[in-house]
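Keep in mind it's a predicted model, so treat the numbers as computed, not measured. All ligand and atom numbering here is 1-based and tracks the order in the structure.
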Amino acid sequence: MKITAARVVVCSPGRNFVTLVIETDQGLTGIGDATLNGRELAVASYLTEHVIPTLIGRDPQQVEDIWQYLYRGAYWRRGPVTMSAIAAVDTALWDIKGKIAGLPLYQLLGGKSRERVLVYGHANGRGLEETVDAVGKYIDEGYKAIRAQSGIPGIDKAYGVGRGDTYYEPADASLPTETVWDTPRYLAFAPQLFAKLRDTYGEGPELLHDVHHRLTPNEAAQLGRALEPHRLFWMEDATPAENQEAFRHIRRHTTTPLAVGEVFNTIWDCKQLIEEQLIDYIRCTVVHAGGITHLRRIADFAALYQIRTGSHGATDLSPACMGAALHFDTWVPNFGIQEYMRHSEETDAVFPHDYRFEDGHLICGETPGHGVTIDEALAAKYPYDPRQLPVARLHDGTMWNW
Ligand code: GCO
Ligand code: MG
């Protein structure tokens, strides 16, 4: 079998997505997500200019060798652009392998470890009361786990607060929106929000929270401690993780579970975090961490240390990523939870898929491959719409971590 053609489809059915389509001489086609929010065309160009020409004529069944070729062979290793491009190829090749075998992807990985995948939704509101109500709506819809993000008095455009209570999309303008960050206000507010949520909804729902890289290690330790009475499922991205050692300090001071990894590209970004058991959940995902082939390596390594998976699943990860992720989650023995921000109806129409939501869980389908396709004619009706992620500054103008 040979790869005869490959192309990149960039479309914007409500938000931007980059998709790689690989064709073979046997008529089988596979797709992979290559979306990197706010940097879409960099990955599209990396694929079109540098990767696709090397794929033509190769045997699509050689998934591992092609991964190694694109990783080792590029000389310039790692980084979000390279690893998203490799992920797209890898995902499309696993999709094709499933179609060749006539099996859903989870079967190729080793079969089901569970019947369904626990997901968490992203509840948000402009202030405390609105956020508490938004969490209630998710509970009414059957969610067992909900991440709560709220607007904070005195902070203009806090992370995670959307337009409307279900969809959340931070990439909102062609040039980055300026937001303002205020750590003392946030540290005073966040424990009040979770106290109110426990007071209102009791011990039942799992509650999560994303700090979005805003704190120093010591501030993160303080917040983790303050949240302990409210029993969080996890506190996410408490401090930037370029310096993995920073998590030693947080870990020493709080038992609130820690989750990190949505911006990681390879196992090297989390090696120390995992080896030293500094986190509880690893959040790397298919599209940004080199596809199924590499994510499997990270998860197996994490399993040695009883660290579980909790893959990123924001709306900027396309249904093709979500489909592959759900097969991965169905197989991976050390599964924890899967993030699930629902896509818009336009997006769902461009990417027909066979996964479904039921009772707070997602269930992957039985279609051979990962079960997601792209309607290219429909995609062509939604041209690229340049959008970037916001930036954050402190009140005095200092650049901060968004
Ligand atoms: C999450 C994330 C997202 C990111 C977004 C960036 O946990 O869902 O933090 O909201 O900000 O994916 O493109
Ligand atoms: Mg996050």
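For atom 9 (O) of ligand 1, the nearest non-hydrogen atom of the protein is E262 OE2, 2.7 Å. When hydrogens are left out, the protein atom nearest atom 8 (O) of ligand 1 is E339 OE2, 2.5 Å; that is the closest non-hydrogen contact. The closest protein non-hydrogen atom to atom 12 (O) of ligand 1 is D316 OD1, 2.8 Å. Among all non-hydrogen protein atoms, the one lying nearest atom 11 (O) of ligand 1 is H212 NE2, 2.8 Å. Counting protein heavy atoms only, atom 10 (O) of ligand 1 is closest to Y159 OH, 2.6 Å.
A salt bridge links D359 with K144; the closest basic N to acidic carboxylate O contact falls under 4.0 Å. Here R251 pairs with D280 in a salt bridge; the nearest charged N to carboxylate O distance falls below 4.0 Å.
Judged by the 6.0 Å and 45° rule, R342 forms no cation-pi pair with F357.
Summary: OE1 is the N/O/S atom of E262 found nearest to the Mg ion (ligand 2). Of all N/O/S atoms in E236, OE2 sits nearest the Mg ion (ligand 2).
Within the structure, ligand 1 has M341 among the residues with a heavy atom less than 4.0 angstrom away.
Of the possible polar contacts, none joining the T330 side chain to the V117 backbone as a donor-acceptor pair under 3.5 Å is found. The backbone N or O of G313 lies less than 3.5 Å from a partner atom in the side chain of E339, making a donor-acceptor pair.
Set against the non-hydrogen atoms of R147, the atoms of ligand 1 under 4.0 Å away are 1 (C), 7 (O), 8 (O). Applying the 4.0 Å criterion to heavy atoms of W402 picks out, from ligand 1, the atoms 11 (O). Near A314, with a cut-off below 4.0 Å to any heavy atom, the atoms of ligand 1 are 3 (C), 8 (O), 12 (O). Per-residue contacts place N37 under 4.0 angstrom from the following atoms of ligand 1 (heavy atoms of the residue considered): 13 (O).
In summary, an N, O or S atom of D210 is located under 2.8 Å from the Mg ion (ligand 2). Among the backbone and side-chain atoms of E339, no N/O/S atom is found under 2.8 Å from the Mg ion (ligand 2).
Side-chain rings of H370 and W94 stay apart, their centers remaining 6.0 Å or farther from each other. A distance of 6.0 Å or more separates the ring centres of H230 and F194. In summary, the aromatic rings of H353 and Y355 are positioned with their centroids under 6.0 Å apart. Side-chain rings of W234 and Y120 approach one another, their centers coming within less than 6.0 Å.
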